[in-house]
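Okay, so here's the structure we're looking at.
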Amino acid sequence: TDGWLNHFNKAQGYTSTKSIYGNRLNSTLAGYVLSGEKYSDIRIVSMNISLQLTEGTASIALNRYIKNLYITENGTKVGTLTADDFSRSGSMYSAIIPLTNAVVRSDQNTYFYITADTIEHIDSSNVDNTWTAMVNEIRYTNGANYTSVASSIGDIGINSSINFHFVPTP
């Protein structure tokens, strides 16, 4: 049956700025909850995300903070890119991340997180500056095999912004 993505919002606990430590694997930058209509599972094909230095004078080179970036679904990695896979425009880095085996089950909440492996040593001049993660679009296929792009459901777009900053390794 046909089904559509009908809910996308920030996950609980992702409304204030998160601290991200250096030398960590799978640090969670942002979290979102998605759900679809009843009677049809939805396969998430890709997510278009952006990371942007929004406050401060730190280096805008993404690879000075992270090595790899992941999309996880309920704790399972479903998409991976390196920092160098992102395109840069000014202080914003964007990428379309292909997802594998990412499914929003009919009438259920599914949690997706943007996580990263941070570099071993984040320079002290690059800490405590605010970065913003944002989901710009979600490409998905429904039970009737119809592919659609969601860019205006719930918090997708500018309202999906979640702030974080890098801090020194304790």
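Throughout, residue positions are numbered sequentially from 1 according to the sequence presented. Everything numeric here is computed off the predicted structure, so don't read it as measured data.
Close placement of the Tyr32 and Phe8 rings is indicated, their centers lying within 6.0 Å of each other. A distance below 6.0 Å separates the ring centres of Phe166 and Tyr65.
Checked for salt-bridge contact, Asp41 and Arg105 meet the test: a charged N lies under 4.0 Å from a carboxylate O.
Under 3.5 Å, the side chains of His7 and Asn9 contain a donor-acceptor pair of N or O atoms. In this structure, a donor-acceptor pair under 3.5 Å is present between the side chains of Thr54 and Thr132. Counting only N and O atoms by type, the side chains of Gln52 and Ser91 include a donor and acceptor under 3.5 Å apart.
Not one N or O on the side chain of Arg24 forms a donor-acceptor pair closer than 3.5 Å with the backbone of Asn26. The backbone N or O of Thr57 lies less than 3.5 Å from a partner atom in the side chain of Asn129, making a donor-acceptor pair. Under a 3.5 Å cut-off, the side chain of Ser35 and the backbone N or O of Gln108 do not form any donor-acceptor pair. Here the side chain of Thr28 pairs no donor or acceptor atom with the backbone of Ala30 at under 3.5 angstrom. Judged by distance alone, the side chain of Glu73 and the main-chain N or O of Val103 form a donor-acceptor pair under 3.5 Å. Between the side chain of Lys18 and the backbone N or O of Ile162, no donor-acceptor pair lies under 3.5 Å. Using modelled atom types, one side-chain atom of Tyr93 and one backbone atom of Leu62 make a donor-acceptor pair closer than 3.5 Å.
Rounded to the nearest 0.5 Å, atoms CG (Asp117) and CG (Asn23) are 10.0 Å apart. Rounded to the nearest 0.5 angstrom, Ile119 CD1 and Ile66 CD1 are separated by 10.0 Å. If you take OH on Tyr70 and CD1 on Ile114, they are separated by 14.0 Å, rounding to the nearest 0.5 Å. Atom CE in Met134 sits 8.5 Å away from atom CG in Asn48 (nearest 0.5 Å). Rounded to the nearest 0.5 Å, atoms CE (Met92) and OG (Ser50) are 4.5 Å apart. Separating the OG1 atom in Thr76 from the CG atom in Asn101 is a distance of 9.5 Å, to the nearest 0.5 Å.
Contact record, Ile20 with Ser27: CG2-CB, 3.8 Å, taken as the closest heavy-atom pair. Of all non-hydrogen atoms in Ile138 and Met47, the two that sit nearest each other are CG1-CG, 4.2 Å. Here the closest heavy-atom approach between residue Ser59 and residue Leu53 is recorded as O-CD2, 4.2 Å. In this structure, Gly31 and Tyr113 approach most closely via the heavy-atom pair CA-CD2, 3.4 Å. The nearest pair of heavy atoms linking Phe112 to Ile71 is CD2-CG2, 3.9 Å.
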Query raised in the report: Do Ile44 and Val104 pass the side chain to side chain contact (heavy atoms under 4.5 Å, CB included) test, and can you show the C-alpha distance, the side-chain angles, and the key distance before you say yes or no?
Result: CA-CA 7 Å; Ile44 306 298; Val104 175; 3.9 Å; yes

**Report entry** Derivation and outcome, side chain to side chain contact (heavy atoms under 4.5 Å, CB included), residues Ile96 and Glu137
**Finding:** CA-CA 9 Å; Ile96 296 172; Glu137 292 180 341; 5.8 Å; no

Report task. Decide yes or no on side chain to side chain contact (heavy atoms under 4.5 Å, CB included) for Thr110 and Asn74, but give the supporting numbers first. Result -> CA-CA 7 Å; Thr110 304; Asn74 296 331; 3.7 Å; yes

Query raised in the report: Checking side chain to side chain contact (heavy atoms under 4.5 Å, CB included) for the pair Thr82/Lys67: CA distance, chi angles, key distance, verdict?
Result: CA-CA 6 Å; Thr82 69; Lys67 295 182 251 183; over 6 Å; no

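Side-chain atoms of Thr147 and Thr141, non-hydrogen and from C-beta on, do get closer than 4.5 Å to each other. Looking only at side-chain heavy atoms (C-beta outward), Leu34 and Asn109 stay at 4.5 Å or farther from each other. Residues Leu51 and Leu69 have side chains in contact (heavy-atom distance under 4.5 Å, counting atoms from C-beta outward).
With sequence neighbours excluded, the residues satisfying side chain to side chain contact (heavy atoms under 4.5 Å, CB included) with Leu81 are Asp85, Phe86, Ala95, Ile97.
Between Trp131 and Phe164, the angle of the ring planes stays under 30°, which puts this pair in the parallel group of the 30/60° scheme.
Note: the hydrophobic cluster containing Tyr146 also contains Tyr140 (ILVMFWY, side chain heavy atoms under 4.5 Å, direct or indirect links). Hydrophobic cluster membership is shared by Leu29 and Tyr111, with clusters built from Ile, Leu, Val, Met, Phe, Trp and Tyr side chains linked at under 4.5 angstrom.
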